[in-house]
Amino acid sequence: MTGTIHPITMPKWGLAMTEGLLAAWTAAEGARIEPGTEIVDIETSKITNALESTVAGTLRRRVAEEGQTLPVGALLGVVVEGEVDDGELDRFITAFQAEAAAATESAAPPPEPKVIQAGGRPIRALVTGEGDGTPVVLIHGFGGDLNNWLFTQPALTGRPVHAIDLPGHGGSGKEVGAGDLAALSGAVLAYLDAAGIAKAHLAGHSMGGAVALSLALDAPDRVASATLIAPAGLGAEINSGYIDGFIGAQKRKDLKPHLEALFADPELVTRDLVEDVLKFKRLDGVEAALKTISGAFFPGGRQAVSLRDRLGSARVPVQVIWGTADAILPAAHADGLPGSIPVHRFDGKGHMVHMEAAAEVNRLLATFIGNG
């Protein structure tokens, strides 16, 4: 054998993921593959996403078939660099599948979120990773939770990564106080204190982007950098129909169209995702919390807070990431920002750009954070 065989395996997106459905092959056998080439679409319990190659070569064998549900780590196909005969390829596949099956049986259970008391309120967080790098804290948007970062959290290495539920959301307490930017930013700051985090890189999506930016502006000694993904707080306009519809929806058929509005491709919304959001919305105190937050952040269908004029005075690095097909917050809010603020736009991606273009957004985030 003079070539190199690279296995393509079922990815682990989100720490609770144990299996995935091979929805469709997007690369043919014999195709030339480069790093970044989309090879296969994988459907998880939350969303469908494209698996990109990390290697170069030829897709010599598609081992798994469309429609198969396979455990994390299972062999999907093989990419070959150089010359490898069919016999050697067959032996590699047989041995790899045996090892993968054994690894599945002995796999440790995934880490579970934990609830800690922060500033007198319970905050749920999923903490992963280790290393000496400055921790990362991931802050979701309105109506979301820590699972919104299932593609992001595993991709950040060399440091602890904390995905948290804001007050009123997920498994955190449903008391939100005034529900305004100061209240939510104060809750994140209280979490940093309770978790013993002196300084953190922040990544915030939508409403969480406004929270991250407010902390970068008002508590720069606690923030190493801020990545703002489709953030609130940079303009007045917002799709108030989405906010009101999300709060009011009590049945699957009513909620599904609003969740689909988050994505440029509505087919990405799975039945399980809709059911998970419905379960959250039916928890005691959720509706009141969402109404309070909505009234504080988006009164009269407009954004109450603008941090745009303060961006130029930011003392920590800030970057902005947006999908041009965002139907919730206009991507035009990223226009005309100070030249010191890098802006990255993804054509044809929606409000959940960090899920729809996960690999690219993860690379931007990792590069921006660097080794610090």
Side-chain angles (χ1 to χ4, degrees), residues 13-17 43-48 110-116 118 121-127 137-153 162-177 179 183-184 187-188 191 204-211 229-230 232 238-263 266 268-298 328 350-352 354-355:
W13 289 327
L15 296 160
M17 180 178 171
E43 182 178 313
T44 74
S45 62
K46 303 293 183 184
I47 189 176
T48 300
E112 294 288 337
K114 296 181 178 179
V115 176
I116 69 171
R121 63 159 56 90
I123 295 291
R124 185 178 73 154
L126 179 62
V127 184
V137 176
L138 306 172
I139 310 168
H140 63 78
F142 182 84
D145 67 7
L146 57 82
N147 290 308
N148 291 167
W149 302 102
L150 82 166
F151 297 144
T152 308
Q153 194 165 10
H162 300 241
I164 66 172
D165 287 341
L166 290 170
H169 294 76
S172 290
K174 302 306 180 283
E175 172 55 50
V176 298
L184 297 189
V188 175
Y191 176 80
H205 172 246
S206 195
M207 183 179 72
V211 173
I229 302 173
I238 185 169
N239 182 345
S240 59
Y242 165 76
I243 299 295
D244 296 340
F246 181 89
I247 293 173
Q250 298 297 324
K251 297 180 179 179
R252 185 179 186 278
K253 67 180 180 65
D254 298 324
L255 179 62
K256 189 170 186 285
H258 297 295
L259 295 181
E260 289 176 341
L262 295 169
F263 300 89
L268 296 179
V269 177
T270 66
R271 185 180 185 88
D272 285 345
L273 174 59
V274 179
E275 294 299 329
D276 284 351
V277 176
L278 278 176
K279 288 177 184 176
F280 155 67
K281 291 184 80 270
R282 290 167 179 160
L283 294 174
D284 288 343
V286 166
E287 183 174 357
L290 292 179
K291 286 181 176 179
T292 298
I293 293 171
S294 172
F297 268 85
F298 318 119
I328 310 302
H351 191 59
M352 305 297 283
H354 58 304
M355 301 182 82

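Within 6.0 Å of the NZ atom in K174, the count of heavy atoms belonging to other residues, nucleotides or ligands exceeds 12.
Across T270 and E43, no two heavy atoms sit closer than the pair CG2-CG, 4.1 Å. What you find for H169 and F280 is that their closest heavy atoms are CA-CE1, 3.6 Å. The two residues L259 and L273 come nearest to each other via the heavy atoms CD1-O, 4.5 Å. Scanning both residues, K281 and F246, for their nearest heavy atoms gives CE-O, 2.6 Å. Closest approach of S294 and I243 over heavy atoms only: OG-CG2, 3.3 Å. The two atoms that bring R121 and A187 nearest to each other are NH1-CB, 3.5 Å, heavy atoms only.
One finds no salt bridge joining E275 and K279 here, because no Lys/Arg side-chain nitrogen approaches an Asp/Glu carboxylate oxygen to under 4.0 Å.
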| request: Using the side-chain contact (heavy atoms from CB on, under 4.5 Å) rule, take I293 and F298 through it: C-alpha gap first, then chi angles, then the decisive distance, then the call. | output: CA-CA 8 Å; I293 293 171; F298 318 119; 5.5 Å; no
Next item on the list: Report the C-alpha separation of V277 and L255 in whole Å, then their side-chain angles, then the decisive distance to 0.1 Å, and conclude whether the side-chain contact (heavy atoms from CB on, under 4.5 Å) test is met.
Entry: CA-CA 9 Å; V277 176; L255 179 62; 3.6 Å; yes
request  = Check the pair L184 / M207 against side-chain contact (heavy atoms from CB on, under 4.5 Å), numbers first and verdict last.
outcome  = CA-CA 10 Å; L184 297 189; M207 183 179 72; 3.7 Å; yes
- Can you list the steps and then say if L138 with L146 is a side-chain contact (heavy atoms from CB on, under 4.5 Å)? CA-CA 8 Å; L138 306 172; L146 57 82; over 6 Å; no
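With E175 contributing its side chain and G177 its backbone, the two residues share a donor-acceptor pair below 3.5 Å. The main-chain N or O of A288 is found under 3.5 Å from a side-chain atom of T292 such that the two form a donor-acceptor pair. Although no hydrogens or angles enter the test, the distance criterion places a donor-acceptor pair under 3.5 Å between the side chain of Q153 and the main chain of L126.
Taking the six-membered ring where tryptophan is involved, the planes of Y191 and H162 are perpendicular, since the angle between them exceeds 60° and thus also 30°. Between H354 and H205, the ring planes lie tilted relative to each other; the angle falls in the 30° to 60° range.
Residue L262 holds its CG atom at 9.5 Å from CE of M355, rounded to the nearest 0.5 Å. The distance from the CG atom of L278 to the NZ atom of K256 is 12.0 Å, given to the nearest 0.5 Å. Taking OH from Y242 and CD from E260, the interatomic distance works out to 12.0 Å, rounded to the nearest 0.5 Å. Note: I229 CD1 to S206 OG = 10.5 Å, rounded to the nearest 0.5 Å.
Side-chain contact between F263 and H351: absent, with no pair of heavy atoms (C-beta onward) separated by less than 4.5 Å. Residues L290 and F142 have side chains in contact (heavy-atom distance under 4.5 Å, counting atoms from C-beta outward). Between I123 and P167, some side-chain heavy-atom pair lies under the 4.5 Å cut-off. Here the side chains of I164 and V188 are in contact, with some heavy-atom distance below 4.5 Å. The shortest side-chain heavy-atom distance between E287 and R282 does not fall under the 4.5 Å cut-off.
Annotation: salt bridge (Lys or Arg N to Asp or Glu O under 4.0 Å) contacts of R124 (sequence neighbours excluded): D145, D165.
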